[in-house]
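Report on one structure; see the data block that follows.
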Amino acid sequence: MDESVQPKPRAGVASASDPAAAPMGGLVAGQLPEPGDDALLARIAQGDRQAFALLAGRHAPKAMKLAQRILGNAADADEVVQEALLRVWTGAKNWIPDGRARFSTWLHRVVVNLCVDRRRRPAFAGLEGIPEPPDPTPSAVNVMARQQTAKLVSQALAELPERQRLAVTLCYYEERSAADAAQILSLSVSAVESLLARARRALRARLSGVVQDTGEV
Amino acid sequence: MADREWSTLDVEDIAALTAVYGGNPARWPADRRAAAVRALAQDGAAHELVVSEAKLDALLSMVAEPEITAARVDDVVAGALARLEAAQAPAATVVRGRRLETFLPSPFDVVRTALSWLGVRAPQAGWLAGATAAGIMVGVMTLPSATLTAADGGAQTGATVETAQADVTDMPSLLFTSYTVETRAQ
């Protein structure tokens, strides 16, 4: 493998200035401006692996977080994001930088679709599905109670119909706007809002037991 | 929610808004946020709605955020690059292998060359192909009369005449149908 295309420092991890948003990228004092997503995609279309590594490093963290939220599994999430990145390589030549579509939205759409495909496969019950043994120390009682509640919420989320769960993941956990989520899910904004409303109703019903225990909801 | 101006919101609007987006104003759509916050300050019922939805938000926020380490990101990106390398390596091998076999073109190469020739010279090739096809068709059409001539003595004379006429006017038939000579000899 060409050593010159090793992944560069992950701009996506520490992207306070979000170079992807600017056409020519962000400008940090004392450094050259980082190229924007469109510029990198144009280079990738020419077969530039260094540009690919830079773009992948920039967007992989958020994509991995999204995939892990949907799949509930780090290993599967990593595989899905890797597959999505390969599609960036093959699809870069078709990217039209018209300023309307954001690359991250496109990438997240690919990730969501791959996650949905993967969830439809027969599941293998790996070690990650086994709950961790509880911490026996008395000081951990509150932590355990909180973990228990979090587990119930996770179960309630997992029991939602697929599209409702995707809408909740994108809008609540990934903090995407309904318009963004609509683009990612290939739906209208009103359809996403409807999914969110139904999801909240279902969650409220399923977590009614937690309400009485914790005083929440 | 229907498109409209969101200068003022009533309790029903707040109920619809929070049923979708929850009780955190940061998640509310920008076009409704200011009016919704104003309504909260003025309407106790609206405020109650928001507090109720915020409790569900608090429960949802208890789900742990996936931990994405730098090492994991590096692995994913490096893995993608490695898969790119692996995907392109077999193609290079094939190219090297074909150079050794250049002296003996495979049947596929012959077909591919013929198709590309047709593609480049489509007009000329079209006329040639059309003429050839027409010749073959005429040749085939004359075949039954020749067969009939051999089998049916009663119709022999007429059929022979017909075949002879075809022979005179149709060069491809002469080229492709040797039986016409035999028919004429009969």
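This one's a predicted model, so the numbers in the text were calculated from it and none came from an experiment. Per chain, numbering begins at 1; letters A, B, ... match sequence-line order.
- Salt bridge annotation for E193(A)-R32(B): present, with a cationic side-chain nitrogen under 4.0 angstrom from a carboxylate oxygen.
- Within 6.0 Å of atom CD in Q42(B), more than 12 heavy atoms from other residues, nucleotides or ligands are found, so the atom counts as buried in its surroundings.
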Full working for side-chain contact (heavy atoms from CB on, under 4.5 Å) between Q147(A) and M62(B): CA-CA 8 Å; Q147(A) 282 178 345; M62(B) 293 175 79; over 6 Å; no
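- Residue S177(A) does not touch chain B at all, counting heavy-atom pairs closer than 4.5 Å.
- Residue pairs meeting the ring pair (Phe, Tyr, Trp, His ring centres under 6.0 Å) criterion with at least one member in residues 35-56 of chain A, sequence neighbours excluded, are F52(A)-W89(A).
- Under the rule for a salt bridge (charged side-chain N to carboxylate O under 4.0 Å, His left out), the partners of E174(A) that lie at least two apart in sequence or sit in another chain are R69(A).
- Against chain B, no residue from residues 159-167 of chain A qualifies, as none has a non-hydrogen atom under 4.5 angstrom away.
- At a 4.5 Å heavy-atom cutoff, the contact between D75(B) and chain A is made by backbone atoms alone.
- E67(B) and K65(A) are not joined by a salt bridge, as no carboxylate oxygen comes within less than 4.0 angstrom of a charged side-chain nitrogen.
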side-chain contact (heavy atoms from CB on, under 4.5 Å) evaluation trace for K151(A) with V63(B): CA-CA 7 Å; K151(A) 190 177 169 189; V63(B) 177; over 6 Å; no
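- In terms of heavy-atom pairs under 4.5 Å with chain A, the best-connected choice from P29(B), A80(B), S61(B) is A80(B).
- In this structure, the portion of L157(A) lying under 4.5 Å from any heavy atom of chain B is its side chain and not its backbone.
- The candidate with the highest count of non-hydrogen atom pairs below 4.5 Å against chain B, out of R200(A), R146(A), R198(A), is R200(A).
- Here the closest non-hydrogen pair linking V77(B) and A60(A) is CG2-CB, 4.4 Å.
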Using residues 78-88 of chain A as the side-chain source, report each donor-acceptor pair under 3.5 Å to any protein atom, sequence neighbours left out, with the distance given to one decimal.
from: D78(A); atom 1: OD1; to: R72(B); atom 2: NE; distance (Å): 3.1
from: D78(A); atom 1: OD1; to: R72(B); atom 2: NH2; distance (Å): 2.5
from: D78(A); atom 1: OD2; to: R72(B); atom 2: NE; distance (Å): 3.1
from: E79(A); atom 1: OE1; to: R118(A); atom 2: NH1; distance (Å): 3.1
from: E79(A); atom 1: OE1; to: R118(A); atom 2: NH2; distance (Å): 3.1
from: Q82(A); atom 1: OE1; to: R83(B); atom 2: NH1; distance (Å): 3.3
from: Q82(A); atom 1: NE2; to: V76(B); atom 2: O; distance (Å): 3.2
from: E83(A); atom 1: OE1; to: R83(B); atom 2: NH2; distance (Å): 2.9

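- With Y21(B) contributing its side chain and C171(A) its backbone, the two residues share no donor-acceptor pair below 3.5 Å.
- Ranked by non-hydrogen atom pairs under 4.5 Å with chain A, the options G22(B), A26(B), A64(B) are led by G22(B).
- To the nearest 0.5 Å, the span separating OH on Y173(A) from CG on L60(B) amounts to 4.5 Å.
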